Amino acid sequence: MIEVTRHDIVIVGGGAAGLRAAIAACEVDPAASIALVSKVYPMRSHTVSAEGGAAAVARDDDNFEMHGYDTVKGSDFLGDQDVIKYFVEQAPRELTLLEHWGCPWSRNEDGTVATRAFGGMSTKRTWYATDKVGFHMLHALFQHSLRFDNIVRYDEHFATKLLVDGGVVRGVAALDVRTGVVRVVLGRAVIMATGGAGKIFPFTTNGNIKTGDGMALAYRAGVALKDMEFVQYHPTGLPGTGILITEATRGEGGYVINSEGERFLATRDYGVGTKAELGPRDMISRAIIQEIEAGRGFSGPYGEYVHLDLRHLGEEKIVARLPMVREISKIYIGVDPVHEPIPIRPVVHYMMGGIDTDITTATSLPGLYAAGEVASASLNGSNRLGSNSLTECLVFGASAGRNAMAFAKGSSEGSEDALRREGEEEAARIVALRGKQKGGEKLSRIRSDLHQTMESGCGVYRMQETMDETARTVAQLRGRYADIALEDSSTVFNTELIAALEMGNMLDVAEAVANSAASRNESRGAHTRRDAPNRDDQNFLYHTLCHFDPAGPRLGKKDVTLGHWEPEERKY
Amino acid sequence: MASKVTMRIQRFDPAVDKEPHDQDFEIELPAGITILKALNKVRAEKDPTLALRYSCGSAICGSCALKVNGHARLACKTQVSDCTIDGVMRVGPIGNLKILRDLVVDMDPFLESLGKVKPYLEAGNGSVPELERTQRPEEFLQIDPSTTCILCAACYSDCNVLAVDENFFGPATLAKAHRFIFDSRDVDTPERMRAISAKTGVWDCTHCGECSTRCPTETKPLERIEEIRTKAMADGFHGNAGARHALGFRETVGKRGILDENYLPARSMGFFNIPGLLSLVPIGLRMMMRGKNPPLIPHKIDKVDEVKKTFARFEELRK
């Protein structure tokens with residue numbers, strides 16, 4: 001019989017948002033039992049790879065109004081303004097809290113927290129800990145979480161299904177990767193904090209684990225995915241590997257240079273004005289692609305690229321502020337940025353879209369909350385500003401922890417029999433998939449076809465025809481996925497089985513991305529169409545909702561919350 | 001330029017195998033490829049059942065520590081070309097931890113070892129969450145190396161003390177202790193020093209240096225262990241065998257210019273520690289039987305005054 005465990009709430013995901021939620025829940029009720037279910041050990045979570053910093057008002061020359069305006073403008077006015085106001089107001093407290101939990105924020109000479117410039121931010125408000133900010137934040141949170149005995153960790157447990165009874169979410173089914181056993185982990189509320197889905201694209205900064213699991217689970221449980229067409233391309237990834245070179249390189253004064261030695265962001269009109277390299281990510285990614293298309297890129301074994309030049313910053317500054325960039329460049333591309341420019345090209349980095357939540361992180365499914373990259377509270381709209389997302393994990397992770405606890409208090413436990421049955425059905429599905437021999441398809445072929453179609457249809461520049469084509473291809477891939485054959489029948493650490501389950505999730509997310517993209521006939525933020533180059537507030541100032549339906553996705557709309565900042569032309 | 005490499009990978013399937021065994025995979029690999037990418041190529045082209053952990057691919061998540069040619073490395077940070085000997089590269093799971101399957105080990109004992117040193121900041125009761133506390137850059141520099149630990153367990157894998165004493169804290173845990181002991185914001189330093197100076201604490205390391213050699217970050221556990229020991233001596237935590245050993249070492253060499261191997265074990269154990277002294281008897285007898293015991297009256301060396309002068313000068317400098 002399937003093993004059932006009970007907790008007050010269940011958190012899925014052990015990165016910054018999940019850990020912050022768990023800690024917040026403990027703060028609400030130190031006696032509560034908090035399950036933390038994570039596909040990997042928490043310190044392996046992808047938060048660890050964030051480099052540049054976390055934004056919050058810290059200096060006398062800054063204020064909430066400025067941070068809010070920068071964010072709403074960066075979002076191309078698709079961010080919900082109440083959410084943005086809440087976020088900027090909560091941000092400083094959250095980052096200061098992390099300081100008390102041991103995060104080694106880099107300091108000014110007098111010992112106060114230092115801040116650096118970041119793209120689209122009008123002043124220095126990005127807190128940093130050298131250029132390993134995600135790493136330091138994650139480890140500070142993980143370490144702090146070890147204080148709480150009531151956080152029950154399910155490390156290396158892959159949540160595969162939300163368990164719903166009587167219209168309320170009551171827990172998850174999770175595969176114990178080490179034993180192959182499926183467990184039912186019950187709680188009176190569930191928080192999704194599984195991060196993004198960069199792995200649906202071939203060229204991404206995202207780690208192997210970023211397969212959109214939480215988005216897919218919520219989607220299949222009937223919750224809409226919102227604004228999925230907005231996929232952020234980070235301007236500076238290493239060709240070949242896609243490894244991120246942080247925006248802090250530009251924050252610290254780095255130049256982007258074409259093959260003619262020109263600082264084109266400063267000399268040509270790409271909409272970034274005098275901000276040049278400190279423009280927002282969507283604009284700089286487009287500028288780089290245009291330079292390459294105009295024949296002013298370099299070409300190498302991994303395609304075309306431009307240069308990121310840090311040499312004028314000097315060795316001392318590079319060592320002190322950007323040690324990881326130097327290390328990564330040396331190891332992975334054989335370039336020492338002290339002496340040579342770094343080859344870079346735009347790379348898939350972040351999903352602005354995600355599980356549709358309101359300002360309290362609640363979803364349309366009672367008892368389900370979501371925070372961090374997996375969610376779309378509409379902080380980021382159609383383009384996220386660099387360094388807002390780490391702070392987002394804290395602000396909305398904490399909010400999710402508190403609100404889920406409040407919900408759990410007033411919610412019943414549901415029928416254990418019904419939930420057990422649901423869990424047993426899910427276990428049966430997984431057992432049937434493990435080592436499934438009957439089938440004519442290979443997982444690796446489906447993955448490469450998915451990658452190819454996502455890049456061609458949902459890249460930096462998009463067209464109706466290719467987006468439609470991608471949506472059709474993804475639908476076909478779903479059919480082919482049902483016919484996969486697998487080779488590994490082991491119950492212990494069956495990575496092929498995990499990859500197969502992840503592929504199912506990726507296809508769900510890809511379907512939402514492609515169909516949402518094909519429905520938005522305008523250019524806004526990261527969604528840029530060659531066949532509709534302008535923003536169209538008249539017809540498209542709304543959030544796209546994508547609902548799961550076995551017959552194919554259903555699209556809907558949701559109003560953008562305005563009221564404080566009037567939408568205006570986005571020029572820098 | 002592509003080249004053919006034999007990847008000799010240690011396999012273990014708990015359902016079938018009693019012992020791990022090697023399996024060779026001949027594979028064409030492009031130049032400049034990391035071991036992680038090569039392993040994933042093996043999985044994609046030869047055998048999808050090969051189990052390993054990995055995620056970020058950029059040497060920061062700490063998932064993919066493996067043994068390559070017998071030594072722990074991060075698979076994503078290590079080039080195949082640096083590790084191929086006569087066209088062959090051996091890959092196996094990291095050591096000192098139970099193998100679950102193929103290249104995957106049980107990490108729980110490693111993580112549990114962190115719990116031995118209270119691995120979180122004690123900000124103190126006076127800490128007001130809304131108020132930022134200061135830490136000057138030079139204060140941070142003290143913990144700069146030990147904060148870079150990614151918990152990959154490469155050091156744990158190759159630690160020679162852990163191989164024989166599972167109670168040893170291990171290098172990563174001691175580095176984690178360092179990270180809080182030397183954090184200017186932590187209020188618990190004296191208690192941490194007391195705890196780490198007790199049995200199996202910071203003094204059980206044998207200075208072999210494997211941990212620092214294998215560490216893929218700037219953490220370099222051995223250096224951190226030495227910094228803790230230096231602080232323990234300076235702060236007067238002398239009530240344990242390790243500290244007494246260090247003091248006794250200085251005494252005998254400082255006085256006579258040689259190591260008095262009769263004096264030192266008794267000094268380390270404590271002259272009034274009767275059970276401890278008795279515990280030395282069996283090894284003493286075994287040494288005697290094999291003729292390895294040091295002479296009862298140590299020989300004298302020439303120019304002892306020179307040694308004494310050196311020590312006196314060192315003491316002056318230390319002050």
Side-chain angles (χ1 to χ4, degrees), chain A residues 40-41 43-46 48-49 58 93 96-97 99-102 104-113 129-130 132 134-136 139-140 143-147 155 178 205 207-210 241-244 323-324 327-328 331-332 334 443-444 486-488 490-496 499, chain B residues 13-15 32 34 37 43-45 47-63 77 79 100-102 104 106-108 111 114-115 118-121 123 127-137 139-140 143-144 147-151 176 179-180 183 185-186 218:
Chain A
V40 292
Y41 284 98
M43 70 278 186
R44 314 295 186 216
S45 305
H46 198 57
V48 83
S49 290
R93 182 177 193 276
T96 307
L97 256 182
E99 197 275 310
H100 289 251
W101 298 345
W105 296 120
S106 293
R107 308 291 181 143
N108 299 312
E109 281 306 314
D110 65 356
T112 55
V113 168
T130 67
K132 298 181 181 175
F135 163 82
H136 283 304
H139 280 248
Q143 285 160 184
H144 191 68
S145 79
L146 295 174
R147 281 175 172 274
D155 292 336
R178 292 193 229 178
T205 60
N208 184 58
I209 55 177
K210 298 317 339 159
T241 56
I243 291 174
L244 173 67
M324 187 166 168
E327 187 188 339
I328 283 173
I331 300 171
Y332 295 101
L443 202 53
S444 56
L486 300 176
E487 289 180 46
D488 191 348
S490 172
T491 53
V492 179
F493 232 93
N494 187 329
T495 49
E496 189 197 35
Chain B
D13 178 352
T34 62
K37 291 210 159 186
R43 278 149 50 94
E45 294 170 16
D47 187 352
T49 71
L50 175 66
L52 73 150
R53 290 190 180 102
Y54 68 101
S55 179
C56 78
S58 54
I60 192 76
C61 82
S63 303
K77 198 184 176 179
Q79 294 287 321
L100 296 178
R101 185 180 174 190
D102 294 342
V104 179
D106 181 5
M107 293 290 286
D108 284 351
L111 278 185
L114 291 178
K118 256 209 314 190
Y120 39 79
L121 191 81
S127 125
V128 181
E130 282 77 11
L131 286 183
E132 167 193 338
R133 291 164 312 152
T134 57
Q135 178 172 55
R136 293 191 316 278
E139 290 172 322
F140 168 71
I143 56 166
D144 189 0
T147 54
T148 63
C149 173
I150 59 175
L151 300 178
K176 187 60 73 188
R179 185 245 167 281
F180 294 107
D183 193 321
R185 300 167 298 174
D186 192 272
E218 289 311 309

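Letters A, B, ... mirror the listed sequences (proteins, then strands); counts begin at 1. Below, all heavy atoms of this structure are taken into account, side chains as well, without hydrogens, waters or symmetry copies. Not measured: the values here are computed from a predicted model.
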Could you state the interatomic distance from [atom1] ([X]) to [atom2] ([Y]), rounded to the nearest 0.5 Å?
X	Y	atom1	atom2	result
A:Asp488	B:Leu50	CG	CG	9.5 Å
B:Glu132	A:Trp105	CD	CH2	11.0 Å
A:Thr130	B:Asp144	OG1	CG	7.5 Å
B:Ser63	A:Ile209	OG	CD1	7.0 Å
B:Ile60	A:Met324	CD1	CE	4.0 Å
A:Ser145	B:Tyr120	OG	OH	10.5 Å

Looking only at atom types and distance, does a side-chain atom of [X] sit under 3.5 Å from a main-chain N or O of [Y], one as donor and one as acceptor?
X	Y	value
A:Arg147	B:Leu121	yes
B:Arg185	A:His100	no
A:His139	B:Thr148	no
A:Glu99	B:Arg133	yes
A:Arg107	B:Pro137	no

Given heavy-atom pairs under 4.5 angstrom as the criterion, report whether the side chain, backbone, both or neither of [X] touches chain A.
X	result
B:Tyr54	both
B:Glu218	neither
B:Ala15	neither

Partner chain B: residue of [options] with the largest heavy-atom pair count (under 4.5 Å):
options	answer
A:His144, A:His136, A:Lys210	A:His136
A:Glu109, A:Glu496, A:Glu327	A:Glu109
A:Ser444, A:Ala58, A:Pro104	A:Pro104

Of all of [options], which one pairs up most often with chain A through heavy atoms under 4.5 Å apart?
options	value
B:Gly115, B:Cys56, B:Gly57, B:Pro48	B:Pro48
B:Leu131, B:Asp106, B:Leu52	B:Leu131
B:Thr34, B:Asp183, B:Ile150	B:Ile150

4.5 Å side-chain heavy-atom contact, [X] and [Y]:
X	Y	value
B:Arg101	A:Asn494	yes
A:Thr495	B:Arg43	yes
B:Thr147	A:Lys132	no
B:Asp102	A:Phe493	no
B:Lys176	A:Gln143	yes

Work out which heavy atom in [X] is nearest to a heavy atom in [Y]; give both atom names and the distance.
X	Y	answer
B:Leu151	A:Arg44	O-NH2, 2.9 Å
B:Met107	A:Tyr41	CB-OH, 3.5 Å
A:Arg178	B:Leu100	CD-CD1, 3.6 Å
B:Lys37	A:Thr241	NZ-CG2, 4.0 Å

Please state whether the side chain, the backbone, both or neither of [X] comes within less than 4.5 Å of a heavy atom of chain B.
X	answer
A:Thr96	both
A:Asn108	backbone
A:Leu146	both

Item checked: A:Val40 vs B:Ser55, side-chain contact (heavy atoms from CB on, under 4.5 Å): CA-CA, chis, key distance, verdict -> CA-CA 9 Å; A:Val40 292; B:Ser55 179; 5.6 Å; no

